[in-house]
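Here the structure is laid out as structure tokens; the discussion comes afterwards.
Remember, it's a predicted structure, so these values are computed and weren't measured experimentally.
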Amino acid sequence: MRKFIVAVMVILMVMITGCSKQSNDSLKAENVYNSFSAKETDNNYQAKGTVYLSSESDLVNVETNTDTEITIIGKLKRKEGEIKLLYEDANGNTTTLINSEDNQGKTIKIDLSLPISKGAGKFYFSGKSCIYDFTINFSLQENVNYSFE
């Protein structure tokens, strides 16, 4: 009887582990965010959550009525794969802000200033078969509006 109970427990653990892996794979295939929030805090617009990614996924839209510079502070914590954080300006020009292949650690710290041109742009993630936890704060300014669609 004891061997039977142990065998059933082992089978259940394998099934649960397999379902979890399958769930992560299906989430990555859909390019989804989990436990995601995008909101204005005291001095920042904060995007936070977990991204499951197989290609590209928009993170935050930004619009400004003048040329300006914003500060981006945060971190990405690797669970699986490689990821990039990119910015696309109003003219379609893309700037790579973070490339996890350039970072040897599991946690990537973000602390940078970015000049942005008048108009609408977007921040987005790009990667293949990756999962990352993230918290990213974008500086608030009178002439800059952030949104998530």
Is there a donor-acceptor contact under 3.5 Å from the side chain of Tyr52 to the main chain of Tyr132? no
Hey, are Asp133 and Thr50 close enough side-chain-wise for a donor-acceptor pair under 3.5 Å? yes
Evaluate side chain to side chain contact (heavy atoms under 4.5 Å, CB included) for Ile131 paired with Leu53, printing each intermediate quantity in order. CA-CA 6 Å; Ile131 305 171; Leu53 197 59; over 6 Å; no
Is there a side-chain contact between Val144 and Ile70 in this structure, where contact means two heavy atoms from C-beta onward sitting under 4.5 Å apart? yes
Do Glu82 and Ser100 have side-chain atoms, one donor and one acceptor, less than 3.5 Å apart? yes
Kindly indicate, with the supporting measurements, whether the criterion side chain to side chain contact (heavy atoms under 4.5 Å, CB included) is fulfilled by Tyr33 and Leu59. CA-CA 9 Å; Tyr33 291 104; Leu59 178 62; 3.8 Å; yes
First locate atom CD of Glu101, then atom CD1 of Ile83, and finally report the distance between them rounded to the nearest 0.5 Å. 11.5 Å
Please assess Ile116 against Thr68 for the test side chain to side chain contact (heavy atoms under 4.5 Å, CB included), listing each intermediate value before the final yes or no. CA-CA 6 Å; Ile116 57 175; Thr68 191; 3.6 Å; yes
Spacing of NZ belonging to Lys48 relative to NZ belonging to Lys75, to within rounding of 0.5 Å: 8.5 Å
Rounded to the nearest 0.5 Å, what separates atom CG in Asn143 from atom CG in Asn65? 5.5 Å
Leu86 with Leu97, same ILVMFWY side-chain cluster at under 4.5 Å: no
Kindly state whether the ring of Tyr87 and the ring of Tyr124 have centres lying under 6.0 angstrom apart. no
Could you check if a side-chain atom of Glu40 sits within less than 4.5 angstrom of a side-chain atom of Leu140, using non-hydrogen atoms only? yes
Short N-O contact, Asp58 and Lys122, less than 4.0 angstrom: yes
How close do Ile136 and Ile72 get, heavy atom to heavy atom, and via which atoms? CG2-CG2, 3.6 Å
Between the side chain of Ser54 and the main-chain N/O of Ser129, is any donor-acceptor distance below 3.5 Å? no
Applying side chain to side chain donor-acceptor pair (under 3.5 Å) to Asn137 and Gln46, what does each step give before you reach the verdict? CA-CA 4 Å; Asn137 296 294; Gln46 183 181 76; 3.1 Å; yes
To the nearest 0.5 Å, how far apart are CG in Asn91 and CG in Asp89? 5.0 Å
Is a side-chain donor or acceptor of Tyr146 paired with a backbone partner of Ser139 at a separation under 3.5 angstrom? yes
If you round to the nearest 0.5 Å, how far is CD1 of Ile98 from OG of Ser126? 14.0 Å
Assess whether side chain to side chain contact (heavy atoms under 4.5 Å, CB included) is satisfied between Thr66 and Lys118, documenting all intermediate values. CA-CA 5 Å; Thr66 62; Lys118 178 180 178 179; 5.6 Å; no
Pairwise distance CG(Asp111) to CD1(Ile73) - rounded to 0.5 angstrom: 4.5 Å
Between Gln141 and Glu69, is there a donor-acceptor pair closer than 3.5 Å when you use the side chain of the first and the backbone of the second? yes
Determine whether the aromatic ring centres of residues Phe125 and Phe134 are separated by less than 6.0 angstrom. yes
Test of ring centre spacing under 6.0 Å for Phe123 and Phe138: yes
